[in-house]
Q: 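What follows is a structure written as structure tokens; I'll ask about it next.
Here the structure is a predicted model, which means the values were calculated and not measured. As the structure lists them, so they are numbered: ligands from 1, and atoms in each ligand from 1.
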Amino acid sequence: MSVIERTPRIETADLTLRAPEARDAPRLAQLMNDLDIARMTSRIPHPYGIEDAEDFVVRARGVDPATDCNLLIEHEQWGVVGGLGLNTPPAAAPEVGYWIGKPWWGRGVASEALAGALAWAARDWRKRYVTAGHFADNPASGSVLIKAGFLYTGEVQWRPSLARGELVATRMMVWLA
Ligand SMILES: CC(C)(COP(=O)(O)OP(=O)(O)OC[C@H]1O[C@@H](n2cnc3c(N)ncnc32)[C@H](O)[C@@H]1OP(=O)(O)O)[C@@H](O)C(=O)NCCC(=O)NCCS
């Protein structure tokens, strides 16, 4: 049984990772309606409208916190700047995914958010390992994951990208708590 009964609130030096709320939908729709973000993810559609953001908030609040948590990344000065999810497929380990709004790329936000989420997953969620996969043409995400301590497993999976409408070679990684 998991020790976690509700979506966590994770604090780092400059960030709070927290459950999305209905009032976040307009900001999410604005930031996520960006092909440069969507095309690097499996599940973010493009274009991305307010209904997509509202659906995301409802779904994120409806998951079982023992297996899934979908969080917004809020910066203490800049407000909501991105999202990070830890989701557990049946009979598998949790897998992490994230995105940052383009105005804040290259400022260390993904690295700080991921470090905070992994520390929480190990300490409070009691997970022994976390997996991740990045599209082979997305070296930026590879750098984020390597910096966080992920290692390449050597496995390449062909995964769908909703925004591209095709399967994309995906390099799988693992992080041991
Ligand atoms: C990938 C993404 C999350 C990076 O977020 P970010 O906040 O800009 O990342 P950080 O600033 O923490 O950068 C972490 C490292 O990646 C490196 N990096 C960032 N952008 C890069 C790029 N375009 N190419 C190569 N390396 C890059 C940085 O140099 C940094 O390393 P350093 O600290 O040693 O310099 C962001 O670009 C994004 O949201 N992209 C679209 C969605 C996506 O790719 N999600 C991940 C799917 S697996």
Q: Any sub-3.5 Å donor-acceptor pair from Arg159's side-chain atoms to Ser42's backbone N or O?
A: no

Q: Could you walk me through whether Val57 and Arg61 pass the side chain to side chain contact (heavy atoms under 4.5 Å, CB included) test, one step at a time?
A: CA-CA 6 Å; Val57 173; Arg61 298 188 71 86; 4.1 Å; yes

Q: Looking at atom 2 (C) of ligand 1, would you say a protein heavy atom lies below 4.0 Å from it?
A: no

Q: Would you mind checking which non-hydrogen protein atom is closest to atom 45 (N) of ligand 1, with the distance to 0.1 Å?
A: Tyr98 O, 2.8 Å

Q: Are the side chain of Trp99 and the backbone of Thr41 linked by a donor-acceptor contact shorter than 3.5 Å?
A: no

Q: At a 4.0 Å threshold, what atoms of ligand 1 neighbour a non-hydrogen atom of Gly106?
A: 6 (P), 8 (O), 11 (O)

Q: Going through the checks in order, is the salt bridge (charged side-chain N to carboxylate O under 4.0 Å, His left out) test met by Asp137 and Arg164?
A: CA-CA 13 Å; Asp137 60 1; Arg164 301 189 200 196; 2.8 Å; yes

Q: Checking Glu112 side chain against Thr12 main chain: does a donor-acceptor pair fall under 3.5 Å?
A: no

Q: Looking at non-hydrogen atoms alone, which of Met32, His134, Lys147 comes nearest to atom 32 (P) of ligand 1?
A: Lys147

Q: Is the shortest distance from atom 29 (O) of ligand 1 to a protein heavy atom below 4.0 Å?
A: no

Q: Where does Ile100 meet ligand 1, judged by heavy-atom distances below 4.0 Å: at the side chain, the backbone, both, or neither?
A: both

Q: Backbone N or O of Asp68 within a donor-acceptor pair of the Asn87 side chain at under 3.5 Å?
A: no

Q: Would you mind checking which non-hydrogen protein atom is closest to atom 23 (N) of ligand 1, with the distance to 0.1 Å?
A: Ala140 CB, 3.6 Å

Q: Do any nitrogen or oxygen atoms of Ser111 lie less than 3.5 angstrom from nitrogen or oxygen atoms of ligand 1?
A: yes

Q: Distance to 0.1 Å, residue and atom name: give those for the protein heavy atom nearest to atom 4 (C) of ligand 1.
A: Val144 CG2, 3.8 Å

Q: Nearest to atom 36 (C) of ligand 1, what protein heavy atom do you find, and at what distance?
A: Trp105 NE1, 3.6 Å

Q: Might you work through the ring pair (Phe, Tyr, Trp, His ring centres under 6.0 Å) test for Tyr98 and His134, ending with a clear yes or no?
A: CA-CA 10 Å; Tyr98 44 80; His134 72 83; 9.8 Å; no

Q: Look at atom 44 (O) of ligand 1 and say which protein heavy atom is nearest, naming residue and atom and giving the distance to 0.1 Å.
A: Asn138 ND2, 2.7 Å

Q: Hey, what's the ring geometry for Trp78 with Trp104, parallel, tilted or perpendicular (30° and 60° as the breaks)?
A: parallel

Q: Short list, please: which atoms of ligand 1 are under 4.0 Å from a heavy atom of Met40?
A: 42 (C), 43 (C), 44 (O), 47 (C)

Q: Out of curiosity, is Gly133 lining ligand 1, as in a heavy atom under 4.0 Å away?
A: yes

Q: Between the main-chain N or O of Ile100 and the side-chain N or O of Trp105, is there a donor-acceptor pair closer than 3.5 Å?
A: yes

Q: At less than 4.0 angstrom from any non-hydrogen atom of Ile37, what atoms of ligand 1 do you find?
A: 41 (C), 42 (C)

Q: Count the heavy atoms belonging to other residues, nucleotides or ligands that lie under 6.0 Å from OH of Tyr152, then report whether that count exceeds 12.
A: yes

Q: For ligand 1, is any non-hydrogen atom under 4.0 Å from Phe135's backbone (N, CA, C, O), its side chain (CB onward), both, or neither?
A: neither

Q: Taking 4.0 Å as the limit for heavy-atom contacts, which would you say applies to Arg107 with ligand 1: side chain only, backbone only, both, or neither?
A: backbone

Q: Does the protein come close to atom 47 (C) of ligand 1 - that is, does one of its heavy atoms sit below 4.0 Å from that atom?
A: yes

Q: Identify the closest protein heavy atom to atom 7 (O) of ligand 1: which residue and atom is it, and at what distance?
A: Ala110 N, 2.9 Å

Q: Quick one: look up the protein heavy atom nearest atom 26 (N) of ligand 1 and list residue, atom name and how far away it is.
A: Ser143 OG, 3.4 Å

Q: To the nearest 0.5 Å, tell me how far Leu84 CG sits from Leu15 CG.
A: 10.5 Å

Q: Between Asp24 and Arg18, is the closest basic N to carboxylate O distance under 4.0 Å?
A: yes

Q: Is Gly108 in contact with ligand 1, taking contact as a heavy-atom separation below 4.0 Å?
A: yes

